[in-house]
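Scroll down for the structure; my scribbles are underneath it.
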Amino acid sequence: MELIRVPALNDNYIWVLADNQHQCIIVDPAQADPVLKIITSKKLTPVAILLTHHHNDHTDGVKGLLKVFSTLPVFGPKETIAKGITEQVNEGDTVTIGQFNFQVLALPGHTLGHIGFYQAPYLFCGDTLFSAGCGRIFEGTPEQMFQSIQKIANLPDETLICCAHEYTLSNLKFAHHIWPENMAITQYLTEVTTARAKQQATLPSLLKKERNINIFLQCDNPELQQKLKINIPNPPLRAVFTLLRQLKDQY
């Protein structure tokens with residue numbers, strides 16, 4: 001498989017995954033034109049569009065793609081019905097087309113019906129988990145977002161986190177603000193600052209790396225809890241997560 005990162009809008013990434021038969025799936029197309037340019041230049045044939053949630057910066061390209069590929073199936077959660085889906089999918093469903101076989105994961109929090117698509121090692125997780133951070137909670141609850149991130153955390157170390165925004169640098173700045181003594185975060189902040197100055201992308205990210213630099217995956221760390229001034233032993237991890245998310249919203 002070839003994973004292709006397609007920049008769109010200000011900081012979005014559309015993902016295109018191609019197999020060795022030159023067929024591809026398109027994930028969260030914010031715009032049609034960048035995708036059409038890529039698949040034309042690489043002589044790819046799209047076989048499906050996958051949508052993780054209903055926000056326009058993940059769906060606005062669907063109509064344009066369907067104008068060119070009118071029979072293309074579009075898979076997404078119930079909340080994306082108005083965005084042009086042809087196949088509604090839910091937790092536990094599979095999307096199987098040719099060499100593609102995605103497991104659908106319910107990942108509510110950012111939106112109530114948010115889902116992810118997982119085919120090892122690729123996880124298309126929309127706006128749930130970012131590199132060094134997590135999505136804002138617009139419709140769901142902190143409890144839902146915490147559980148969704150725990151679901152992702154249970155995936156193998158070699159999982160590629162294919163999220164939809166280039167937020168890594170700002171997330172690392174917040175993490176460093178919270179936990180300046182964490183050398184893994186400090187070192188990666190330096191690396192990403194250099195990379196972004198050169199307009200280099202930081203995604204996809206390995207889940208193994210995220211376990212070390214993403215504080216939202218480290219709510220059980222006593223040192224982090226101490227930095228957050230949580231002084232009770234064995235605090236509920238969802239409470240630690242909720243506090244972290246509140247602090248990020250205010251940062």
Side-chain angles (χ1 to χ4, degrees), residues 8-15 26-31 49-63 74-93 95 102-118 123-155 159 161-168 170-171 174-175 203-205 207 210 214-219 236-251:
L9 304 177
N10 292 327
D11 52 33
N12 278 71
Y13 290 133
I14 304 163
W15 296 101
I26 301 161
V27 185
D28 283 354
Q31 297 173 292
I49 297 172
L50 310 181
L51 303 180
T52 61
H53 64 292
H54 68 83
H55 286 162
N56 291 339
D57 63 332
H58 295 251
T59 62
D60 272 357
V62 171
K63 287 183 180 179
V74 184
F75 297 84
K78 182 178 180 180
E79 66 178 41
T80 57
I81 287 176
K83 303 297 182 175
I85 62 168
T86 60
E87 303 286 341
Q88 181 181 324
V89 289
N90 307 287
E91 167 83 19
D93 289 342
V95 175
F102 288 96
Q103 177 185 355
V104 178
L105 306 177
L107 300 174
H110 181 68
T111 66
L112 284 174
H114 198 300
I115 62 173
F117 296 90
Y118 175 64
L123 174 67
F124 298 105
C125 58
D127 287 355
T128 302
L129 187 72
F130 296 123
S131 183
C134 74
R136 284 183 178 270
I137 302 168
F138 286 120
E139 298 175 10
T141 65
E143 168 73 18
Q144 286 177 315
M145 183 65 96
F146 174 74
Q147 293 298 338
S148 293
I149 289 175
Q150 290 302 109
K151 188 179 293 185
I152 294 173
N154 288 330
L155 294 173
T159 300
I161 304 299
C162 305
C163 52
H165 290 277
E166 182 59 73
Y167 289 163
T168 311
S170 61
N171 288 337
F174 169 71
L203 300 170
S205 180
L207 183 54
E210 293 303 312
N214 194 323
I215 55 178
F216 291 95
L217 292 174
Q218 299 183 63
C219 293
L237 299 187
R238 59 182 57 83
V240 179
F241 173 84
T242 299
L243 176 58
L244 268 180
R245 186 60 255 183
Q246 289 173 345
L247 291 171
K248 179 65 167 66
D249 289 342
Q250 299 162 8
Y251 179 67

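- Taking the six-membered ring where tryptophan is involved, the planes of Phe174 and Phe216 are essentially parallel, since the angle between them stays under 30° and well short of 60°.
- Residues satisfying the side chain to side chain contact (heavy atoms under 4.5 Å, CB included) test with Gln31, not counting sequence neighbours, are Ala8, Leu9, Pro34.
- Taking the side chain to side chain donor-acceptor pair (under 3.5 Å) definition, one finds that Thr80 meets it with nothing, sequence neighbours left out.
- The salt bridge (Lys or Arg N to Asp or Glu O under 4.0 Å) search around Glu91 returns Lys151, not counting sequence neighbours.
- Residue pairs that meet the salt bridge (Lys or Arg N to Asp or Glu O under 4.0 Å) test with at least one member in residues 124-138, sequence neighbours left out, are Arg136-Asp249.
- A donor-acceptor contact shorter than 3.5 Å is absent between the side chain of Ser205 and the backbone of Ile161.
- Residues passing the side chain to side chain donor-acceptor pair (under 3.5 Å) test with Thr59, sequence neighbours excluded: none.
- We find the CZ-CG distance between Phe130 and Leu203 to be 9.5 Å, quoted to the nearest 0.5 Å.
- Every residue was checked against the ring-ring contact (aromatic ring centres under 6.0 Å, His included) condition with Tyr118, not counting sequence neighbours, and none meets it.
- For Asp93, the side chain to side chain contact (heavy atoms under 4.5 Å, CB included) partners are Val89, Asn90, Val104, not counting sequence neighbours.
- Atom CD of residue Gln147 and atom CG of residue Leu237 lie 10.0 Å apart, to the nearest 0.5 angstrom.
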Run the numbers on His55 and His114 for ring-ring contact (aromatic ring centres under 6.0 Å, His included), then give the verdict. CA-CA 10 Å; His55 286 162; His114 198 300; 8.3 Å; no
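- Using a 4.5 Å heavy-atom cutoff, the side chains of Ile152 and Glu210 are not in contact.
- Cys219 contributes atom SG, which lies 9.0 Å from atom CG of Asn214 (distance to the nearest 0.5 angstrom).
- Partners of Phe75 according to the ring-ring contact (aromatic ring centres under 6.0 Å, His included) rule, which considers only residues two or more places apart in sequence or in another chain, do not exist here.
- For Asn171 (side chain) and Ser131 (main-chain N/O), a donor-acceptor pair under 3.5 Å exists by modelled atom type.
- Residues satisfying the side chain to side chain contact (heavy atoms under 4.5 Å, CB included) criterion with Gln218, sequence neighbours excluded, are Trp179, Asn182, Asn221, Leu224.
- Every residue two or more places apart in sequence or in another chain was checked for a side chain to side chain donor-acceptor pair (under 3.5 Å) with Gln150, and none qualifies.
- Annotation: salt bridge (Lys or Arg N to Asp or Glu O under 4.0 Å) contacts of Glu143 (sequence neighbours excluded): Arg238.
- Using modelled atom types, no side-chain atom of Arg245 and backbone atom of Phe146 make a donor-acceptor pair closer than 3.5 Å.
- The shortest heavy-atom contact between Pro77 and Thr52 is CG-O, 3.8 Å.
- For the side chain to side chain donor-acceptor pair (under 3.5 Å) test, residues two or more places apart in sequence or in another chain that qualify with Thr111 are Glu79.
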Please step through side chain to side chain contact (heavy atoms under 4.5 Å, CB included) for the pair Lys83 and Asn56, ending with a clear verdict. CA-CA 9 Å; Lys83 303 297 182 175; Asn56 291 339; 2.6 Å; yes
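- Cys163 and Leu129 get closest at one heavy-atom pair: CB-O, 3.2 Å.
- More than 12 heavy atoms of other residues, nucleotides or ligands sit less than 6.0 Å from atom CG of Asn154.
- Between His53 and His58, the ring-plane angle classifies as tilted under the 30° and 60° cut-offs.
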